[in-house]
Amino acid sequence: MNKRKIWIAILSVAFLGMIAMAIIKGRSKPKGEAVTVEKAELRNISEKVMASGRIYPETEVKISSDVSGEIVELYVAEGDSVVAGQVLARIDPDTYISAVERGEASLNNSKANLATSESQIENANAQKQQIMAQLTNARRIHERNIDLKANGVISQADFELSLANMEALEANLRAADASLSAARKSADAARFLVRSSEASLKELKVSLNRTTIKSPTSGIVSSLFVEQGERVVGTMQMTGTEMMRVANMQNMEVQVEVSENDILRVKLGDSVNIEVDAYLDKIFKGVVTQIANSASNIGGTGNLSTDQVTNFIVKVLMDPLSYSGLVSGNKRTFPFRPGMSATVDIFTEHVSNAITVPIQAVTVRESKVNGEADKLVEVVFVMKDDKSVKVDVSTGIQDDKYVHVITGLQEGDMVITGPYNTVAKELEDGSIVYIKKERIEKKEAL
């Protein structure tokens, strides 16, 4: 019984001790909300738009066939360097050579017909001149016969004969004029036929020349889609078989898709940081050179759904100096290949020496007028004398961590940054707060 009483006494004392320790601990605990704080400081802050896309050459030319036929010669392989005017391939020219020869024969025939028509003009003109001379002489004779008839020197029959001769020559002159006009028209038609034959021959020669495929620009054969012996189809009016692509790999660009919420902030000339998946921990530089006016994923006016995300293509020209260290001494080796994945940060705004606070320090509260909610305003809570002071602020641009506070704060103000729920919902103007002490756990080395 004595042992039992002793144990009961010991347990009672221990229980009373625990209660006393809890009371002492409760009295020593700070009052109010535990918060974290950070000073409002001057920083250089940049706002950016993030987007992803792929790398392409700034200039890439698709080479297609304008004529149909079999590829009898192929002089390049994928990855070869070419210069403007270099012969890349040849299409079987036999059919086009025959067509040119027929065109030349047709042109010569047309020229011969023109020469015949021109000679007919000369003959008709000579006949007209001869008849005009005869008519002039007949008129003089008839004029004399008029006087002779009046004086009774010649008979009526002689007078009528000279008159008939003159009228016959006048009729012949009209016929000669008609023949000359017809000859001239025939010559004009022959000239038109010559021009038509010359145009047809020129077109046939162009088709013959296009059986030799030449590079329109200098660069690298980035893609090759045909082999020697294959047949290609092409016309001068429509795009033919795509044979290859020649790209200028010296200048590369990144084509990215920017959402409609961010596109209005992007401007031509904005500086860009570029990260390429193939090169870890490397950042390349670039500049915005083109912004699409129309969305990339809207196929036509018939698609009016607003459910899908609307994106716009933005082109970023990469600065060669930023990747000059990756370029091999061999100019045919390039660090980037078309289609590589890339992520960009487009810097749209920049402010130097701006008063900034962590993004999580800014929250939204209702502004009350006469006890009623009027509008939502941006506020931060500043810690002063162990109390939170609500301050209305206006903000500007922000980056990943900080936001620019335009009005409401001074440099050095102790701004409450967390916890999130405390800042966003619980704090009020005049709330009692204390700075939360972070426990640092040291790990012993094994």
Side-chain angles (χ1 to χ4, degrees), residues 43-62 78-84 215-223 245-296 311-354 396-402 404:
R43 293 182 176 87
N44 296 333
I45 186 170
S46 297
E47 188 176 59
K48 61 186 178 181
V49 171
M50 297 183 63
S52 59
R54 297 187 180 279
I55 296 177
Y56 296 98
E58 183 186 20
T59 303
E60 186 174 41
V61 180
K62 298 179 181 179
E78 189 167 322
D80 286 353
S81 297
V82 297
V83 296
S215 177
T217 184
S218 299
I220 301 295
V221 180
S222 57
S223 301
R245 296 184 184 183
V246 175
N248 180 3
M249 304 291 284
Q250 300 288 346
N251 297 321
M252 305 296 290
E253 68 179 13
V254 184
Q255 297 182 17
V256 297
E257 290 190 336
V258 178
S259 71
E260 60 183 326
N261 297 326
D262 295 327
I263 193 64
L264 295 180
R265 292 189 286 153
V266 179
K267 305 181 297 298
L268 293 177
D270 283 346
S271 60
V272 182
N273 282 351
I274 304 167
E275 295 183 26
V276 181
D277 291 356
Y279 295 95
L280 298 177
D281 301 327
K282 290 185 179 295
I283 296 179
F284 308 100
K285 300 295 183 179
V287 62
V288 175
T289 57
Q290 186 175 337
I291 303 172
N293 291 318
S294 301
S296 61
N311 295 321
F312 293 80
I313 297 295
V314 174
K315 294 183 178 181
V316 177
L317 180 63
M318 300 183 72
D319 183 1
L321 293 178
S322 66
Y323 57 85
S324 59
L326 302 177
V327 178
S328 171
N330 181 2
K331 295 183 178 180
R332 297 179 62 183
T333 302
F334 300 95
F336 305 111
R337 296 188 179 184
M340 281 185 170
S341 300
T343 303
V344 302
D345 290 331
I346 304 173
F347 295 97
T348 57
E349 296 286 346
H350 180 79
V351 180
S352 299
N353 295 322
I397 66 174
Q398 65 182 46
D399 58 16
D400 295 337
K401 297 181 179 179
Y402 298 97
H404 174 204

Inset, instruction - Using a 4.5 Å cut-off on heavy atoms from C-beta on, say whether the side chain of V344 contacts that of M50. - result: no
Legend entry - Partners meeting salt bridge (Lys or Arg N to Asp or Glu O under 4.0 Å) with D399 (sequence neighbours left out): none
Inset, instruction - Indicate yes or no for a side-chain donor-acceptor contact from S215 to the backbone of A84 under 3.5 Å, with no hydrogens or angles considered. - result: no
Inset, instruction - Quick one: list whatever passes side-chain hydrogen bond (donor to acceptor under 3.5 Å, both in side chains) with Q255, sequence neighbours left out. - result: E253
With a cut-off of 3.5 Å and sequence neighbours excluded, list every side-chain donor-acceptor pair involving residues 269-279.
{"from": "D270", "atom 1": "OD2", "to": "K267", "atom 2": "N", "distance (Å)": "2.8"}
{"from": "N273", "atom 1": "OD1", "to": "K285", "atom 2": "NZ", "distance (Å)": "2.8"}
{"from": "Y279", "atom 1": "OH", "to": "P335", "atom 2": "O", "distance (Å)": "2.6"}

Inset, instruction - Would you sort out whether I220 and D80 count as a side chain to side chain contact (heavy atoms under 4.5 Å, CB included), showing the intermediate values? - result: CA-CA 6 Å; I220 301 295; D80 286 353; over 6 Å; no
Inset, instruction - State which residues pass side-chain contact (heavy atoms from CB on, under 4.5 Å) with S52; sequence neighbours excluded, sorted by chain then number. - result: T343
Inset, instruction - Please identify each residue that fulfils side-chain contact (heavy atoms from CB on, under 4.5 Å) with E260, with sequence neighbours left out. - result: T310, F312
Inset, instruction - Taking all non-hydrogen atoms of both residues into account, name the closest pair between S46 and F347 and its distance. - result: CB-CD2, 3.8 Å
Inset, instruction - Search all heavy atoms of V83 against all heavy atoms of S218 and return the closest pair with its distance. - result: CA-OG, 3.4 Å
Inset, instruction - Sequence neighbours left out, what passes side-chain hydrogen bond (donor to acceptor under 3.5 Å, both in side chains) with S222? Give chain and number order. - result: E60
Legend entry - Y323: partners by ring pair (Phe, Tyr, Trp, His ring centres under 6.0 Å), with sequence neighbours left out: F336
Legend entry - 4.5 Å side-chain heavy-atom contact, V221 and V82: yes
Inset, instruction - Output yes when a side-chain donor or acceptor of N44 lies under 3.5 Å from a complementary backbone atom of N353, and no otherwise. - result: yes
Legend entry - Contacts of type side-chain contact (heavy atoms from CB on, under 4.5 Å), residue V351, not counting sequence neighbours: I45, A354, I397, H404
Inset, instruction - Can you measure from CZ (R43) to NZ (K401) and round to the nearest 0.5 angstrom? - result: 9.5 Å
Inset, instruction - Nearest 0.5 Å please: distance from the CD atom of E257 over to the CG atom of D262. - result: 13.0 Å
Legend entry - Summary of salt bridge (Lys or Arg N to Asp or Glu O under 4.0 Å) pairs that have at least one residue in residues 335-354, sequence neighbours excluded: K48-D345
Legend entry - Heavy-atom check, side chain of Q250 versus side chain of F334, under 4.5 Å: yes
Inset, instruction - Kindly indicate, with the supporting measurements, whether the criterion side chain to side chain contact (heavy atoms under 4.5 Å, CB included) is fulfilled by V256 and I313. - result: CA-CA 6 Å; V256 297; I313 297 295; over 6 Å; no
Legend entry - V49 to T348 - nearest heavy-atom pair and separation: CG2-CG2, 3.8 Å
Inset, instruction - Could you tell me which residues satisfy side-chain contact (heavy atoms from CB on, under 4.5 Å) with L268, sequence neighbours excluded, listed by chain and number? - result: V288, I291
Legend entry - Pairwise side-chain contact, P320 with M252, heavy-atom cut-off 4.5 Å (strictly under): no
Legend entry - Residues forming a salt bridge (Lys or Arg N to Asp or Glu O under 4.0 Å) with R54, sequence neighbours excluded: none
Inset, instruction - Could I get the full list of side-chain hydrogen bond (donor to acceptor under 3.5 Å, both in side chains) partners for S352, not counting sequence neighbours? - result: H350
